Amino acid sequence: MIDLKLLQKDFQDVSDKLARKGVSIELLNSLKKKSEELKAAKVAFETLQAAQNAMSKEFGIYKKEGKDVNELKARVDANKIKITEALETQRIEQEELESLAMSIPNIPDDDVPYGKDENDNVEIKKVLSPREFSFTPKEHWELAEKNGWIDFERGVKLATSRFSVSFGMGAKLERALINFMLSFNSKRGFEEVSVPSIVNRTALEGTGQLPKFEDDLYKIQDQELFLIPTAEVPVTNLFQDEILLPTQLPIKMTAYTSCFRKEAGAAGRDTRGMIRQHQFHKVELVCIAKPEDSDKIFEEMVQTASDLLSALELPHRLVTLCSGDLGFSAAKTVDLEVWLPGQNTYREISSVSNTREFQARRAKIRYKDENKNSFVHTLNGSSLAVGRTMVAIMENFQNEDGSIVIPKVLEPYIN
RNA sequence: GGAUAGAUGGGUGAGCGGCUGAAACCACAUCCCUGCUAAGGAUGCGUAGGAGUAAUCCUACCGAGGGUUCAAAUCCCUCUCUGUCCA
């Protein structure tokens, strides 16, 4: 959630920055007005309540002294009617403010480039050069079927479109990648955690998927429970409503989970192959940090994901997302895009974001900072999306006959 | 599924409907004493919001949500979770 105090104090600045993310000034204006109204309603209510409390105390004293309470009771009763009204006003204001505030995205960092969509993203650097092929490289779905690694039809048979099944070496490679990534991250100081794949509404509100993006989530029928779209949700919310000690920070975690996304609005995109599936595997990095450390941790996470790709000998590039392409909760995001020779293009394989205190404010994650409590910064990044890594391995390590070489670092994990 | 007990501040754990935002202990912080791998003493120490230059004051919160009452951590109802016992 954005900082309402900051909005009141620096309205111009906040609205300028959010305009870059496509938030209208009208919306922010009504938010500002609402928060002022709520404040007034609160003051009105609290004044009445204070009077009520004082009279109640008096009441006790009167009783003790055996004085007549009829006159006092009449005053108390009259005040009570006003309190009920004031409380109702405040409740309505509160609800309206919350639903408004919860749907406003995070403020982008100052160094985020301005832009409309993914075409305006800015490349930072390329890592490893794409290999020269002496033949025309095939796309991964062809290779996957040819080698018997992935069965797209049977996935559809079991569930629906955009589900697939891995067999044999395909399944082994998947498992090897998960283990390799977890070990790699673990060596870099990220603690492994294993979390539920189902979470409640509060958790999803904490990280920002709800209330705005319910259509993208799989919901459990008749229950306020959802399949997780990313491990970021359960792992970040591990510390929801907690006050951490500074000595605990930074907390660096890595988790493997399946991820479930409806991909609403993605009709027609990446329909072939396993680039965009409803269920996919992902190893995630999540960090909880003091504000002054979060930039450093961010770089560390980007570097870890990049090194992982390098260890797998996969050419990739780093891209800073422009303001228009930035996600709802992110203040800054760097995407890692892997080279896919079959498609002759770079495709997103990891996305590292700093949400600053946006999620911490929603999920109430704080730490003791000197004497006061402050919000932590939360960061998350994929490391990596397993399915897309398999795609990248297939396309980059293919031979002319369609066979595929397994990257050397994975050998110990295959057998 | 049935029965039963419970849910209090960072932790353990008291709490008669008003004097309880909450005892005590532990932990933690600062200071004093002490010259030794320790002990003792003093003070402070929940969260959020609001008023004020400030001292300070006000409001809310004792699992969640309702209710009774002038007044609820304390009484009533519903729900959630945890423990134990029975199927």
Side-chain angles (χ1 to χ4, degrees), chain A residues 1-9 31-102 195-196 198-206 210-211 219-226 234 237-249 251 288 290-291 357-376:
Chain A
M1 199 158 76
I2 66 162
D3 185 350
L4 290 175
K5 275 189 194 159
L6 188 69
L7 181 75
Q8 313 237 14
K9 218 174 75 190
L31 183 66
K32 180 167 179 257
K33 193 158 155 272
K34 263 279 159 270
S35 65
E36 278 157 6
E37 282 170 10
L38 174 65
K39 199 163 145 183
K42 268 191 168 159
V43 169
F45 167 73
E46 285 179 7
T47 308
L48 289 167
Q49 187 63 43
Q52 186 78 2
N53 288 343
M55 283 190 277
S56 285
K57 269 206 175 119
E58 246 184 288
F59 202 100
I61 295 164
Y62 274 37
K63 278 261 182 174
K64 210 177 226 169
E65 294 173 350
K67 284 209 251 181
D68 176 46
V69 295
N70 284 334
E71 184 270 339
L72 181 59
K73 179 147 168 41
R75 273 197 287 149
V76 158
D77 286 344
N79 194 51
K80 206 177 178 183
I81 295 166
K82 284 195 227 162
I83 286 184
T84 313
E85 283 168 9
L87 184 63
E88 182 62 9
T89 310
Q90 188 199 307
R91 194 187 60 77
I92 293 167
E93 299 276 359
Q94 177 88 45
E95 254 172 37
E96 289 176 353
L97 179 74
E98 242 162 53
S99 71
L100 208 56
M102 288 291 271
V195 290
I198 294 178
V199 292
N200 57 34
R201 188 172 284 276
T202 310
L204 286 155
E205 282 173 350
L210 290 180
K219 185 168 188 230
I220 313 286
Q221 178 127 41
D222 301 328
Q223 287 191 282
E224 286 301 287
L225 295 171
F226 302 81
N237 279 288
L238 242 25
F239 300 97
Q240 175 203 110
D241 207 17
E242 289 191 27
I243 298 167
L244 303 162
L245 296 172
T247 49
Q248 290 176 268
L249 300 173
I251 298 171
I288 315 264
K290 291 187 206 169
E357 49 175 64
F358 187 81
Q359 291 180 331
R361 180 171 280 111
R362 291 175 156 241
K364 299 189 187 73
I365 310 173
R366 289 159 296 176
Y367 76 106
K368 282 232 179 288
D369 176 18
E370 305 285 317
N371 290 320
K372 62 180 195 301
N373 295 328
S374 306
F375 289 111
V376 297

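In what follows, chains are A, B, ... by sequence order, proteins preceding strands, each numbered from 1. None of these values were measured; they are calculated from a predicted model.
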Requested in this report: Look only at the side chain of Arg362(A) and the backbone of Met102(A), and say whether a donor-acceptor pair between them is shorter than 3.5 Å.
Outcome: yes

Quick one: label [X] by what it contacts on the DNA or RNA (base, sugar-phosphate, nothing), any heavy atom closer than 4.0 Å.
X	value
Arg366(A)	sugar-phosphate
Ile243(A)	sugar-phosphate
Lys364(A)	nothing
Glu58(A)	nothing

Within the structure, does a side-chain N or O atom of [X] lie under 4.0 Å from either OP1 or OP2 of [N]?
X	N	value
Gln49(A)	rC58(B)	no
Lys73(A)	rA71(B)	no
Lys5(A)	rG50(B)	yes

Partner nucleotide, any strand, of [N] [Watson-Crick/G-U, under 3.5 Å]:
N	result
rA14(B)	none
rA3(B)	rU84(B)
rA23(B)	none
rA71(B)	none
rA51(B)	rU56(B)
rG9(B)	none
rG46(B)	rC61(B)

For residues 75-82 of chain A, which side-chain N or O atoms pair as donor and acceptor with protein atoms under 3.5 Å away, sequence neighbours left out?
unit_1   : atom_1 : unit_2   : atom_2 : d
Arg75(A) : NE     : Glu71(A) : OE2    : 3.2
Asp77(A) : OD2    : Lys73(A) : NZ     : 3.3
Asn79(A) : ND2    : Leu48(A) : O      : 3.3
Asn79(A) : ND2    : Gln52(A) : OE1    : 2.9

Let me know the distance between [atom1] of [X] and [atom2] of [N], rounded to the nearest Å.
X	N	atom1	atom2	value
Asp241(A)	rA48(B)	CG	P	11 Å
Lys57(A)	rC57(B)	NZ	P	12 Å
Glu46(A)	rC61(B)	CD	C1'	12 Å
Glu242(A)	rG63(B)	CD	C1'	16 Å
Phe375(A)	rU47(B)	CZ	P	13 Å
Asn53(A)	rG50(B)	CG	P	20 Å
Phe59(A)	rG17(B)	CZ	P	17 Å
Leu244(A)	rC28(B)	CG	C1'	16 Å

Query - Listed nucleotide nearest any side-chain atom of Lys39(A), set rA48(B), rA71(B), rA51(B) - result: rA51(B)

Report task. Would you indicate which nucleotide in rU59(B), rU47(B), rC70(B) comes nearest to any side-chain atom of Asn373(A)? Result -> rU47(B)

Requested in this report: Just do the side-chain contact (heavy atoms from CB on, under 4.5 Å) check on Met1(A) and Glu205(A) with the steps written out, would you?
Outcome: CA-CA 10 Å; Met1(A) 199 158 76; Glu205(A) 282 173 350; over 6 Å; no

Report summary line: Of Ser56(A) and Lys42(A), the one whose nearest nucleotide on RNA chain B sits closer to the 5' end is Ser56(A)

Query raised in the report: Closer to the 5' end of RNA chain B via nearest nucleotide, is it Val43(A) or Met55(A)?
Result: Val43(A)

Report task. Working to the nearest 0.5 Å, report the span between CD1 of Ile365(A) and OG of Ser374(A). Result -> 14.0 Å

**Report entry** Closest non-hydrogen atom pair, Leu38(A) against Glu93(A)
**Finding:** CD1-CB, 3.7 Å

Rounded [atom1] spacing from [N] to [M] in Å:
N	M	atom1	value
rG2(B)	rC79(B)	P	11 Å
rA60(B)	rU84(B)	P	38 Å
rC62(B)	rC75(B)	C1'	16 Å
rU69(B)	rC77(B)	C1'	16 Å
rU47(B)	rA22(B)	P	14 Å
rA7(B)	rU59(B)	P	27 Å
rC19(B)	rC58(B)	P	14 Å
rC45(B)	rG10(B)	P	15 Å

Query raised in the report: Just wondering, more than 12 heavy atoms not from Lys219(A) lying within 6.0 Å of its NZ?
Result: yes

Report task. Might you work through the side-chain contact (heavy atoms from CB on, under 4.5 Å) test for Lys42(A) and Gln94(A), ending with a clear yes or no? Result -> CA-CA 9 Å; Lys42(A) 268 191 168 159; Gln94(A) 177 88 45; 4.1 Å; yes

Query raised in the report: Could you go step by step and tell me if Lys33(A) and Glu36(A) meet the salt bridge (Lys or Arg N to Asp or Glu O under 4.0 Å) rule?
Result: CA-CA 5 Å; Lys33(A) 193 158 155 272; Glu36(A) 278 157 6; over 6 Å; no

